[in-house]
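Taking it in order: structure first as structure tokens, then the write-up.
Chain identifiers are assigned alphabetically (A, B, ...) following the order of the sequence lines, protein sequences preceding nucleic acid strands; residue numbering begins at 1 within each chain. Bear in mind that the values here come from a model prediction, so they are computed numbers and not experimental data.
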Protein chains: 2
Amino acid sequence: MTSLRKVADYAKVSISTVSRVINNVPLVDPKTRQRVEAAIRELNYVPNRVAQRLRSSARKGLIGLVLPDIQNPFYVDVIRGVEAYAYQHNFAVMIGNFGQNETRQKLYLDIFKSEAVDGLIVAPSQGENRHILDAIAEGFSVVCIDRGLGDVDVDVVKVNNRKGAFTATEYLIELGHRRIAHIAGLSHIPTTTERVGGYKAAMEKHGVDVIDELVRYSKSDYESGAAIMQELLDLAERPTAVFAANNLLTLGALKTIYDNDLIVPDDISIIGFDDMYWSVSLNPPLTAVQQSGYDIGNKATELLIQRVGAAARHSTNVIFETTLVKRKSCKKLTRN
Amino acid sequence: MTSLRKVADYAKVSISTVSRVINNVPLVDPKTRQRVEAAIRELNYVPNRVAQRLRSSARKGLIGLVLPDIQNPFYVDVIRGVEAYAYQHNFAVMIGNFGQNETRQKLYLDIFKSEAVDGLIVAPSQGENRHILDAIAEGFSVVCIDRGLGDVDVDVVKVNNRKGAFTATEYLIELGHRRIAHIAGLSHIPTTTERVGGYKAAMEKHGVDVIDELVRYSKSDYESGAAIMQELLDLAERPTAVFAANNLLTLGALKTIYDNDLIVPDDISIIGFDDMYWSVSLNPPLTAVQQSGYDIGNKATELLIQRVGAAARHSTNVIFETTLVKRKSCKKLTRN
DNA sequence: CTGAAAGCGCTTACAG
DNA sequence: CTGAAAGCGCTTACAG
């Protein structure tokens with residue numbers, strides 16, 4: 001590949017000058033600049049990002065994105081949002097998918113640090129996320145998505161979980177449902193607490209008792225969704241509606257429902273947190289609380305890049321609203 | 001972050017020696033090595049990958065993965081396969097998702113080159129992929145997945161498309177179907193040609209006429225799947241079964257089928273190329289030709305890393321077989 | 001406005 | 001077996 005040296009020789013200037021035109025440093029004679037630009041074009045020169053990153057103290061042009069589960073369509077949307085903003089601003093993105101495995105999360109974090117990223121966008125997982133705290137302590141800029149880091153002061157971009165869950169639950173209540181189950185995530189995660197909170201608030205607002213056996217906590221994955229749905233169906237008195245706390249849980253629950261030859265929404269109504277572009281290919285089309293992973297990823301990247309190179313800034317919280325997309329998986333309860 | 005220098009001082013050796021123990025160069029006194037290793041541990045030293053990459057001529061520990069569409073679950077599996085192999089061998093991976101946009105594909109390729117990757121894993125898109133050819137010409141190692149690059153001599157890891165399509169079609173024929181539609185991809189892509197080839201071969205083998213209006217080519221996305229399915233349903237004589245050439249097309253077709261209040265498989269049978277882990281959450285569970293994106297990604301990475309540092313080697317083609325997963329979206333045709 | 005020089009953190013011949 | 005030195009391709013004070 002062509003180097004600064006070659007361009008400099010070709011344009012008959014020093015490498016300093018070439019570097020200056022590349023970095024848009026203003027104090028370059030317009031004529032010189034033109035000559036250099038021509039050389040760059042002719043030699044098809046592209047700066048070596050590795051050397052730039054090693055040398056530059058300010059802006060390295062690299063962001064690390066650390067995600068718990070790339071199989072979750074929500075995170076795929078996040079990736080798209082991050083990518084779009086980052087590449088528009090000439091930042092590259094490295095993606096680390098740790099699959100809920102803390103050791104692997106540390107592996108990625110180490111690699112990203114060692115790649116001298118400008119900063120990290122992280123979706124904290126279940127644990128205490130000590131490794132993320134370490135990164136912050138070492139001075140890396142961090143933006144959290146989906147949820148924060150306890151009482152640590154970081155930027156976080158998330159969604160109004162409580163309100164989203166509230167709306168979903170209220171919708172079910174208005175449809176006449178009373179035995180509404182909630183398949184929740186792990187009990188100690190903020191996201192879970194907030195969504196359960198919204199669920200309970202809606203129930204209370206409408207004077208519906210919250211029944212303990214109908215609220216079940218578990219890991220947020222496909223298998224758990226399927227297993228919990230089965231427990232729910234095995235109950236002496238079944239729920240007439242289910243609100244699942246995320247898309248994997250929803251998909252798992254759906255599998256179990258169909259395995260039991262039950263019909264949605266005639267036998268049971270279901271509403272999911274998280275929407276997919278193919279929710280409409282489900283039969284019936286899924287009613288869902290939609291949160292935009294794309295917007296979240298995009299905003300998180302904006303905040304991170306803003307932080308890079310800029311002076312320290314107070315941390316911000318950006319909270320997006322969800323929207324309830326009514327399709328056909330929920331039905332008015334007539335009997336009862 | 002700690003540097004080689006600090007470790008060297010701490011262990012009272014030169015940086016050369018520290019570098020040697022890090023890179024497992026054998027000629028280091030065991031005692032010295034131990035002392036250095038202790039220092040590394042105590043100072044929590046992690047080598048700076050950027051400096052390593054800038055300096056080292058052999059192995060840079062970075063792979064670029066260039067994908068046409070991260071929203072396609074198949075590519076998500078590919079990513080998982082690549083990641084698993086790469087990180088096990090201490091390679092990091094940068095992912096570029098160009099969304100079928102050639103300009104953006106070039107952008108990623110440029111960035112990856114400029115990041116001094118060891119090599120590229122690429123899923124060629126519709127076009128001529130001039131940019132990929134450029135990269136090869138410049139000396140970058142490239143492994144193609146999903147399909148090759150015309151007559152260019154590169155490693156490619158793919159699936160036996162013809163046989164997979166043949167099996168799917170034959171299955172439908174054995175179920176008694178004769179009017180079997182095929183929603184194909186873009187006509188000039190090898191993958192499409194192969195799958196259409198398998199479809200036709202099965203038809204011919206069983207003496208079923210291939211009807212032109214039942215074989216329709218289009219972009220391989222969700223919207224196209226939906227649109228083509230509608231065309232098919234609008235035909236004077238509808239197909240009784242559909243074989244869709246990939247998962248996005250299948251999902252789109254499903255949407256249209258349900259929009260038309262048709263029942264799968266009673267009104268129409270459907271089988272898709274590509275399986276998803278949640279295919280079983282579809283109602284009815286989808287019958288599909290399964291190809292393992294994970295295996296493909298894994299193998300491609302193995303080939304690429306093998307190529308890195310090793311002497312030039314003849315290019316290989318690895319072709320995985322597909323497996324037909326029979327679920328409930330296809331039904332025996334009784335009337336007719 | 002421009003260039004010479006130092007240096008980012010490593011690896012790798014070259015001596016010894 | 002170990003160290004001093006050069007250099008990967010850049011950026012950035014420092015002089016002029």
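- Under a 3.5 Å cut-off, the side chain of B:Asn129 and the backbone N or O of B:Ile132 do not form any donor-acceptor pair.
- Side-chain contact between A:Tyr87 and B:Ile111: present, with at least one pair of heavy atoms (C-beta onward) separated by less than 4.5 Å.
- Using a 3.5 Å distance cut-off with no hydrogens or angles, the side chains of B:Tyr108 and B:Asn97 do not pair a donor with an acceptor.
- Taking a 4.0 Å limit (strictly below) on heavy-atom distances, residues 4-21 of chain B reaches DNA chain D at B:Val13, B:Ser14, B:Ser16, B:Thr17, B:Arg20.
- Comparing D:dC1, C:dG9, C:dT2 by their closest approach to the side chain of B:Leu27 singles out D:dC1.
- Across C:dC8, D:dT2, C:dT2, the shortest atom-to-atom separation from the side chain of A:Asp29 is found for C:dT2.
- For the salt bridge (charged side-chain N to carboxylate O under 4.0 Å, His left out) test with B:Asp9, the passing option among B:Lys12, B:Lys6, B:Arg5 is B:Arg5; the others fail.
- Under 4.0 angstrom from either OP1 or OP2 of C:dC10 there lies at least one side-chain N or O belonging to B:Tyr45.
- For DNA chain C, the stems formed by at least three consecutive Watson-Crick or G-U pairs, with both atom-pair distances below 3.5 Å, span C:1-3 with D:14-16, C:5-12 with D:5-12, C:14-16 with D:1-3.
- Qualifying side-chain hydrogen bond (donor to acceptor under 3.5 Å, both in side chains) partners for B:Arg49, counting only residues two or more places apart in sequence or in other chains: A:Glu115.
- Rounded to an integer number of Å, the gap from CD1 of A:Ile22 to P of D:dC10 is 7 Å.
- Counting only N and O atoms by type, the side chains of B:Ser315 and B:Asp155 include no donor and acceptor under 3.5 Å apart.
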